Participant: 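My questions all concern the structure below.
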Amino acid sequence: MDSRIVRRRRSERRGAMLILIAVCMPLFLIMAAFAIDLAWMQLVRVELRVATDSASRAAAKRLSLSQDANIARQEAKNAALRNTVAGQPLVLEDSQIVFGESRQPSPNARFLFTPGGGRLNACQVVGQRTQGSAAGPVGLFLGGVMGVSQFEPVHTATATQLDRDMVLVVDRSGSMMRDLVSKVV
């Protein structure tokens, strides 16, 4: 091929990639913003799950030990404050902490929670970062590009404390040794 023809073809294509990059760059930015905010939302959900799980577990444990719902409610609030959700401690209100009974209908079934009851053995905590909650909604980093600037996660956790009484009996009288003595002889 003639070198003049090759040079002319190259000069005709010069700048074609620049146009392609200019067209694709906004799409790349939108996809990056979406990926960053999606990862942030997942992290906040995990933090909220950890905070509500620990609050409900702490309340159920304290309820088992003290048999006092007010002390257990305060323990749930303290446990929630020790955990951050989106960089802020989770603040629980009294209405987000419910005590009740939890029962397992059959051996392999899940436990069913019923608010209230005579024998309180469970605590249900609703952790939320919404417009009406104490900490408010979670802000997104680049969500404004897509028209969404806030995220409002909610997670419910229930913990059941099943107390088991165990007894150790030591028989020092020797009355139960009859079978051992007869087999040795």
Side-chain angles (χ1 to χ4, degrees), residues 27-166:
L27 296 175
F28 292 147
L29 290 174
I30 289 172
M31 288 188 323
F34 181 71
I36 290 170
D37 278 343
L38 194 63
W40 172 246
M41 290 165 62
Q42 186 61 30
L43 175 67
V44 169
R45 281 189 190 109
V46 169
E47 289 177 341
L48 184 63
R49 185 178 327 125
V50 168
T52 55
D53 286 352
S54 66
S56 66
R57 180 70 183 115
K61 180 80 171 169
R62 181 59 60 194
L63 181 66
S64 172
L65 294 174
S66 68
Q67 296 298 311
D68 187 352
N70 293 326
I71 294 172
R73 181 173 282 113
Q74 188 58 45
E75 188 70 27
K77 289 179 179 182
N78 293 341
L81 287 173
R82 287 190 296 267
N83 292 281
T84 59
V85 177
Q88 295 180 356
L90 180 63
V91 178
L92 295 177
E93 297 172 0
D94 288 346
S95 62
Q96 294 173 279
I97 305 167
V98 179
F99 295 99
E101 289 183 273
S102 190
R103 294 208 168 114
Q104 192 175 21
S106 65
N108 294 329
R110 297 181 85 180
F111 281 83
L112 299 175
F113 177 78
T114 306
R119 294 191 52 195
L120 302 178
N121 69 344
C123 177
Q124 187 175 65
V125 175
V126 179
Q128 54 188 4
R129 287 288 308 267
T130 59
Q131 199 69 22
S133 68
V138 178
L140 297 176
F141 295 116
L142 303 170
V145 173
M146 297 168 44
V148 179
S149 62
Q150 294 178 340
F151 168 57
E152 297 185 355
V154 175
H155 181 74
T156 303
T158 305
T160 303
Q161 181 72 30
L162 296 176
D163 296 323
R164 303 283 189 230
D165 293 329
M166 299 185 80

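Index from 1, following the sequence. No experiment lies behind these values; they were computed from the predicted model shown.
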Participant: For the residue pair Lys77 and Ile97, establish whether any side-chain heavy-atom pair is separated by less than 4.5 Å.
Facilitator: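 Contact flag for Lys77/Ile97 side chains = yes.
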Participant: Is Arg129 reaching over with its side chain to a backbone N or O of Glu152, donor-acceptor style, under 3.5 angstrom?
Facilitator: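 Checking the backbone N and O of Glu152 against the side chain of Arg129, no donor-acceptor pair under 3.5 Å is found.
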Participant: Could you give the distance from CG (Leu120) to CD (Gln67), rounded to the nearest 0.5 Å?
Facilitator: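 If I round to the nearest 0.5 Å, the distance is 8.0 Å.
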Participant: For the CZ atom of Phe111 and the CG atom of Leu162, what is their distance to the nearest 0.5 Å?
Facilitator: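 CG of Leu162 is found 4.5 Å from CZ of Phe111.
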Participant: Return the CZ to CZ distance between Arg73 and Arg62, rounded to the nearest 0.5 Å.
Facilitator: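 The CZ atom of Arg62 is 15.0 Å from CZ of Arg73, to the nearest 0.5 Å.
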Participant: Between the main-chain N or O of Val126 and the side-chain N or O of Gln96, is there a donor-acceptor pair closer than 3.5 Å?
Facilitator: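 Here the side-chain-to-backbone pair exists.
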Participant: Which atom pairs, donor and acceptor, lie under 3.5 Å between side-chain atoms of residues 80-88 and protein residues at least two apart or in another chain?
Facilitator:
from	atom 1	to	atom 2	distance (Å)
Asn83	ND2	Ser54	OG	2.9
Asn83	ND2	Ala79	O	2.8

Participant: In Å and rounded to the nearest 0.5 Å, what is the CD to CG distance from Gln128 to Leu90?
Facilitator: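 Those atoms lie 9.0 Å apart.
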Participant: Has Gln104 got a side-chain atom pairing as donor or acceptor with Ala109's backbone, closer than 3.5 angstrom?
Facilitator: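 At least one qualifying donor-acceptor pair exists.
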Participant: Show the numbers, then the answer: is there a side chain to side chain contact (heavy atoms under 4.5 Å, CB included) between Glu75 and Lys61?
Facilitator: CA-CA 9 Å; Glu75 188 70 27; Lys61 180 80 171 169; over 6 Å; no
Participant: What are the two closest non-hydrogen atoms of Val125 and Ala55, and how far apart are they?
Facilitator: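 What the structure gives for the nearest pair is CG2-C, 4.1 Å.
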Participant: Is there a donor-acceptor pair closer than 3.5 Å between any side-chain N or O of Asn121 and the backbone N or O of Thr160?
Facilitator: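 Judged by distance alone, no pair lies under 3.5 Å.
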Participant: Within this structure, what is the CZ-CZ distance for the pair Phe113 and Arg103, rounded to the nearest 0.5 Å?
Facilitator: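 Answer rounded to 0.5 Å: 12.0 Å.
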Participant: Using 0.5 Å steps for rounding, measure from the NE2 atom of His155 to the OG1 atom of Thr52.
Facilitator: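 If we round to the nearest 0.5 Å, His155:NE2 and Thr52:OG1 are 4.0 Å apart.
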Participant: Does one side chain, of Gln74 or Asn70, offer a donor that lies under 3.5 Å from an acceptor on the other?
Facilitator: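 The criterion, which ignores hydrogens and geometry beyond distance, is not satisfied for Asn70 and Gln74.
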Participant: Filter on ring pair (Phe, Tyr, Trp, His ring centres under 6.0 Å), then keep only pairs touching residues 55-107, sequence neighbours left out; what's left?
Facilitator: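 The answer is none; no pair qualifies.
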Participant: Which pair of heavy atoms, one from Ala157 and one from Asp53, lies closest together, and at what distance?
Facilitator: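 The pair with the smallest heavy-atom distance is CB-OD1, 3.1 Å.
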Participant: Write down the atom of Ala60, the atom of Gln161, and the distance for their closest heavy-atom approach.
Facilitator: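 That closest heavy-atom pairing would be O-CB, 3.7 Å.
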Participant: Which residue in the set Cys123, Pro115, Ser56 passes side-chain contact (heavy atoms from CB on, under 4.5 Å) when paired with Val98?
Facilitator: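 Result for side-chain contact (heavy atoms from CB on, under 4.5 Å) with Val98: Pro115.
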Participant: Where is the tightest heavy-atom contact between Asp163 and Ser64, given as atom of each residue plus distance?
Facilitator: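 Heavy atoms only, the tightest pair is OD1-OG, 2.7 Å.
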Participant: Can Asp37 and Phe151 be said to form a side chain to side chain contact (heavy atoms under 4.5 Å, CB included), step by step?
Facilitator: CA-CA 10 Å; Asp37 278 343; Phe151 168 57; over 6 Å; no
